[in-house]
Every structure is written in structure tokens, then in C-alpha cells.
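Reminder, nothing fancy here: chain letters follow the sequence lines and each chain counts from 1.
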Amino acid sequence: MFKKVLIANRGEIAVRVAQTLREMGIIVVAVYSQPDRAAVHVACADEAYPLEGETAAETYLRGDKIIAIAKSHGVDAIHPGYGFLSENPEFAEACVKAGITFIGPNADVMRATGNKIVAKKTLEKAGVPVVPGWSGEGGFDAKGIANEAKKIGYPVLVKAASGGGGKGMRVVTSEKDLAGSLEAARREAKSAFGDATVFLEKFLERPRHIEFQIFGDSHGNVVHMFERECSIQRRHQKIVEETPSPALSDDLRKRMGEAAVAAAKAVNYTNAGTVEFLLDESGKFYFLEINTRLQVEHPVTEMTLRYDLVRAQVLVALGESLPFTQDELTPDGHAVEVRIYAEDSASGFLPSTGTIACYVPPAGVNIRVDSGVKQGSEVTVFYDPMLAKLICFGRTRGEAMERLALALDNFVVLGVTTNIEFLRNLIDHPDFLAGDIHTGFLEEHSIAATRAGRDEAPPMPDEVLIAAAVALRENGRSVSRAGQHGHAATLTDAPWRSADAWRGA
Amino acid sequence: MQKFRLQPAGAAEPVAVSLERADSDRDQRDAYVARIGEASIPVEVERTGPGAGWLKVGSKVHRYHVLIRDGEAHVWLDGAIHIIDVVDRTRRRGGSAATVGPVDRIVAPMPGTVLKINVSPGDTFDAHQPLVIIESMKMEMTLSAPTAGTVKDVRCKVGELVPLGTVLVALDVAEADDAS
């Protein structure tokens with residue numbers, strides 16, 4: 001067993017990984033940037049070391065600094081979480097070279113899957129269905145590409161070979177827009193990923209995003225751990241994920257699961273990963289990409305299969321066989337996850353920053369909250385604005401959604417704007433409840449950002465005014481300080497406002 | 001009685017909201033009559049923390065959390081957040097606008113230990129004079145009244161562990177405005 005593991009990440013995933021490591025009796029080492037010095041993930045560690053700097057590029061992306069810390073403090077293995085260095089083959093190699101185990105697939109697997117063009121070709125050979133398209137072979141010749149696009153049939157999608165998260169992606173509906181979109185996509189891909197290579201794919205109408213959790217070990221065992229449907233996305237980022245998918249019949253699930261295992265075997269996959277597919281309206285599915293990391297949405301799989309994926313990652317990294325066989329994996333019930341973001345759903349989902357003055361997550365049976373923040377946390381511009389994940393389990397999809405609705409109603413965050421009320425409205429939408437979802441759902445349906453915006457309730461219920469008055473009265477009575485004569489601007493002296501002062505003293 | 005002028009985001013006019021204690025010094029649960037415009041509404045409040053608790057308005061129960069910041073109240077109530085402008089706070093009978101209402105007692109704004117009591121029954125005190133110091137999680141907090149007055153009763157002891165909302169000292173405060 002590892003004695004000491006460093007988590008090269010921050011936020012909720014670092015907290016979640018630390019939980020399992022500590023359960024396994026492993027000493028947890030955290031690293032942190034300057035703005036994260038009082039972050040929750042630091043408090044969850046046994047040891048913590050600073051990474052000088054503020055931005056991700058100066059800190060959590062600095063593999064050299066992280067490996068140096070690991071080496072000088074006797075770390076046996078590094079868990080990369082997701083994002084940052086998790087899918088960086090050079091980092092995985094550097095770990096091995098330094099005598100440290102990288103908890104994840106090896107660099108060869110990352111290289112075979114990291115380039116989407118290469119991955120697509122490999123998998124096509126292995127018999128996995130891929131989206132019809134043009135691989136980018138023959139170089140960047142405008143006329144040649146136009147011919148390819150015509151062959152595929154408009155609309156087509158221009159995608160970056162090294163891309164992700166929607167960057168370097170363009171939908172082209174007719175030939176006249178092709179040249180301009182190609183240029184823009186190449187520019188964006190170059191600046192975001194340092195690689196301007198793009199390729200074309202048929203653009204599928206109203207596709208569903210269905211992915212399969214895969215797991216392999218170093219003894220040649222590969223299993224799939226069933227699907228997650230992640231069709232609800234904003235700006236090409238998932239915000240609601242569930243399993244099982246309401247779109248899959250048993251037969252389709254079986255065929256897609258087999259394709260996922262075939263895909264994993266084709267690249268000699270080890271450790272945890274995800275094979276992503278698009279499912280079109282006719283029930284045809286196409287390989288999209290393989291992600292060589294633990295996914296944000298892994299908890300829904302954990303809830304329906306009752307296996308801890310991080311524990312399995314650690315065991316596989318130690319060279320053990322998978323702790324489960326395909327036959328032992330029998331999912332049960334329904335799980336759904338929503339991502340709680342500090343963002344303003346009313347203005348294009350722009351990130352919102354500030355101090356979290358009040359943070360009370362819901363709790364209860366079959367409710368799981370993976371939080372990366374606490375009361376008093378600062379949400380800064382430096383990192384992803386995801387605050388937490390809320391995961392609910394139910395016997396049926398309906399029960400899981402009912403539990404989720406109440407959990408969202410009980411999720412209190414004050415101080416930064418969040419998407420909680422937006423999510424609550426979203427999961428009430430009749431099409432969502434009917435399971436009629438696709439990746440363009442949020443473009444097709446307009447979802448109100450606040451409860452009041454949806455309910456068309458009276459402008460301000462009496463109880464809201466009363467709650468405000470009760471708090472103002474308490475504020476005036478319990479704290480009396482020079483200068484506080486009820487002038488509105490000095491009301492910030494209230495004790496619940498200054499979470500920092502409370503902690504700091 | 002305390003009166004607040006509250007302006008919901010997007011509303012043209014502020015609404016006058018007042019709270020009058022219906023049953024004083026009972027226990028943690030406070031009973032009030034809220035007046036919003038012409039309506040009188042019985043309210044019970046159970047505080048669970050600073051700026052948080054639940055309300056019983058008539059027979060309806062609501063959970064609330066309130067953040068007061070930059071002249072705004074951010075009210076989380078039953079899963080929805082409402083933003084309200086606090087226009088000013090006024091005292092009964094023409095007390096000058098923007099003053100805190102009279103304080104008839106000092107309550108524990110957080111659960112903690114009483115560190116020091118500076119006054120005895122019958123003592124007079126000035127506005128903002130430190131009356132009681134309590135400590136919670138190694139943080140000290142000095143409690144005082146916004147106006148001058150006389151100590152009616154001291155209801156805590158040094159070293160005592162007090163829950164949130166405990167009445168520590170009962171006060172007689174000058175109600176100068178009422179007399180005028």
C-alpha cells in the first residue's frame with residue numbers, strides 16, 4: 001500500500017480524493033496556490049505545501065514544482081484529480097522517472113487518446129462506430145476541405161484535434177461560412193491548446209451525450225461500469241448528469257457497453273477512464289472521445305454500483321487486479337448529479353466571484369454533496385467556478401429527481417450568485433422530467449434563472465419582507481458599534497456578514 | 001417597535017415594514033406582530049444562527065437566511081433568494097430617520113462563554129459603552145447598547161456558557177423620542 005499520496009489538485013475533487021485516501025490509511029499531501037492557502041482541500045490533508053503564485057499556470061499546472069515537493073517529502077504516488085495535469089502524458093512520464101506512481105493511465109494511453117484524430121482512427125479499426133467526417137489528412141487545403149464537407153453533408157462541425165470544453169469548435173451550416181469558421185477554429189485551437197490542427201465531423205441534430213465509465217488494470221482486465229447521460233450542457237460543459245440514461249434500452253446499453261470495452265482494449269487502457277458517445281435520434285451511436293481521468297460526474301456511477309472509484313484507482317495503480325469483474329457490476333436505482341457553479345444564469349452563465357457569506361448544503365439519506373468550499377471561502381477569478389456537486393439517489397428516476405428538487409430548495413449559498421435556482425427550474429421542465437433531453441436542450445428551452453422569474457409570484461411575498469426585518473432588527477440589537485447608527489452602508493458590521501473576522505480572531 | 005423601509009429589487013416604491021414584540025423576554029422563540037402597509041401579521045421567529053432561522057407567519061413555516069451587505073438584504077427563503085434595498089430604518093413617532101431603535105436588552109449574538117460583565121443592576125451606562133464581553137471559538141465580542149440607559153437586570157454569570165439569543169442583560173433605555 002502507498003504510505004503517502006500527493007493530490008495535485010484543488011477544490012471538491014481534492015477533498016473527495018483525500019476522503020478515500022484517508023479511509024485507506026494513506027497520508028494525504030495537499031498542494032495549494034496563494035489564494036487557496038485557507039481552502040477546504042488544505043484542511044482535508046495531513047500535510048500541505050505551497051505552490052508560489054496565483055494562476056493555474058503558476059501553480060497547479062506546474063508539474064516540476066509538484067514533483068519536487070513530492071520527492072522531498074517522501075511521496076509514493078500522485079493523484080491528479082481531473083483537469084490541470086490529469087491528462088498530461090509528459091507529467092505522467094515525469095512522475096515515473098522520479099520514482100513516483102501516477103494514479104491514472106500511463107503516458108502511452110494518454111497519447112493514443114489525447115489526439116482526437118488519432119483516437120478516432122484507432123477505434124474505427126477496432127470496430128467502434130465513429131461520427132462520419134474528415135480526419136484532416138492531406139493538410140490544410142481550403143478546396144479539399146470544402147469537398148470533404150460536401151461529402152459529409154452540412155451542417156458540419158469543425159473541431160480541434162487537441163481540444164476539449166468546446167474551444168476550437170464551430171458549427172458550419174453552409175459552404176460560404178466554411179473558410180471563415182475554419183480560420184477561427186484554428187486560431188482558437190492554436191491559442192488554447194498550442195495545436196492548430198482541426199478536423200470535420202458530421203453535425204448531429206439533437207444528439208444525446210452518453211458516456212461509459214471504463215476501468216482497466218495492468219493484467220489485461222477491462223470492464224465498463226455502465227453509462228452516464230450528460231446531455232444537459234451549457235457552453236459545451238455538462239451541468240446535469242445521471243445514470244441510467246432514460247434513452248437506453250437494455251439492448252442498446254449492452255451494445256454501447258461492448259463498444260466502450262472494445263475502445264478501451266484498443267488503446268490498452270489501464271485505470272479509470274470514460275468513453276464518450278453521441279447518440280442520435282434514430283438510436284445510432286458514435287464514438288466521440290476517451291477521457292483518461294476520473295470524471296467530475298463519477299459519483300453517479302458510485303451511487304448506482306456502490307463501488308468507490310478512487311479506491312479502485314489506487315488498487316489498480318498498486319498493480320492489483322480490478323476489485324470487480326464485469327458480472328459483479330449490477331447497477332441499482334437511479335442517481336443524478338448537478339454541478340453548483342458560482343455563475344449568473346441570467347447573464348450568459350458568466351462566472352461570479354466574491355466571499356461566500358453563508359453556505360449550508362443539504363443533507364439526508366441518499367443525498368451526497370461534494371463541496372470544495374465552506375462559509376467564508378473566496379471565489380476568485382483564478383480557477384473554475386464550480387463550488388460543489390449535489391448528487392441524489394432514488395429507486396426510480398422520478399424519486400431521484402424529487403429528492404434533488406428538495407435538496408436544491410434546501411441548498412443555501414449567499415454572497416456569490418449561483419445557478420441553484422436555475423437548476424431547480426431546469427429539473428422541473430416537463431421535457432426534462434420526461435427524459436426528452438439532448439445537448440442543445442438549454443438553447444432550445446429558455447429556463448428562468450430565479451424561482452421568482454419562473455413562478456410569476458407576487459413581487460415580494462410578505463414573509464420575505466418579514467425575514468429581512470427580523471434580520472435587520474437582530475442586526476441592530478446584537479451588535480452596537482460606534483458609527484453604526486443604522487446607516488445602510490454600515491450594516492455590513494453584522495456578525496454573519498464578516499465570516500472572515502470570525503475566523504480570523 | 002422598529003420600522004424598516006424596504007424596497008424590493010425592481011419595485012418602484014419602498015414598503016414600510018414594522019415589527020412589534022408581542023410577547024417579550026420569553027425564550028429563544030420570539031413573537032411579533034408585523035405590519036406591512038395596512039396588514040397586521042402575527043409572526044414567530046426561531047433563530048438558529050446569526051441572520052438565520054425559521055419563521056412562522058400565520059400558520060405557514062418558512063426557513064430563512066439573510067445576508068445584509070452594502071445597504072441590501074439578500075434574503076434566502078425556502079430556496080429562493082430575494083434582494084431588497086434597505087432604504088432606511090426609522091424609530092417610532094418621528095425618531096430621526098436612520099437611527100437604530102431602542103434596545104431593551106443585550107442578547108448573545110452567538111453561542112459562547114461570558115468573559116466579563118462590566119455592569120450591575122441599577123448602573124447607568126452611555127451609548128456604546130462595553131457592557132458584556134463574550135467569547136466563542138477564541139473570538140471575543142464586546143456587546144453594548146446604541147443608546148444610554150440604566151441596567152435593569154443582569155441575567156448571566158462570568159464563565160457561563162450561553163446559547164445563541166440568550167438575554168444577558170435587561171435594560172431601561174431613555175425613550176426621548178417618545179416623550180417629545
- request: Pick one of side chain, backbone, both or neither for I83(B), based on which atoms fall under 4.5 Å of a heavy atom in chain A.
  value: backbone

- prompt: Relative to chain A, which segment of A11(B) carries a heavy atom at a distance below 4.5 Å: side chain, backbone, both, or neither?
  reply: neither

message: How long is the straight-line distance from CD of E463(A) back to CG of D78(B), given to the nearest 0.5 Å?
response: 7.0 Å

Contact origin within L55(B) toward chain A - heavy atom pairs under 4.5 Å: side chain

message: Working to the nearest 0.5 angstrom, can you tell me the gap between R451(A) CZ and L77(B) CG?
response: 12.5 Å

query: What heavy-atom pair brings W76(B) and F411(A) nearest, and what distance separates the two atoms?
result: NE1-O, 3.5 Å

task: Begin with the C-alpha distance, continue with both residues' side-chain angles, and end with the deciding distance and a verdict on salt bridge (charged side-chain N to carboxylate O under 4.0 Å, His left out) for R47(B) and E474(A).
output: CA-CA 10 Å; R47(B) 291 180 177 82; E474(A) 178 187 330; 2.9 Å; yes

message: When you compare the side chain of L472(A) with that of L6(B), does any pair of heavy atoms fall below 4.5 Å?
response: yes

message: Would you compute the distance between atom CG of L19(B) and atom CG of L465(A) and round it to the nearest 0.5 angstrom?
response: 10.5 Å

task: Find the distance between NZ (K56(B)) and CD1 (I466(A)) and round it off to the nearest 0.5 Å.
output: 13.0 Å

message: Please find the pair of heavy atoms, one from L414(A) and one from I81(B), that lie closest to each other, and give the distance.
response: CD2-CD1, 3.9 Å

query: Can V360(A) and H65(B) be said to form a side-chain contact (heavy atoms from CB on, under 4.5 Å), step by step?
result: CA-CA 10 Å; V360(A) 187; H65(B) 288 261; 3.7 Å; yes

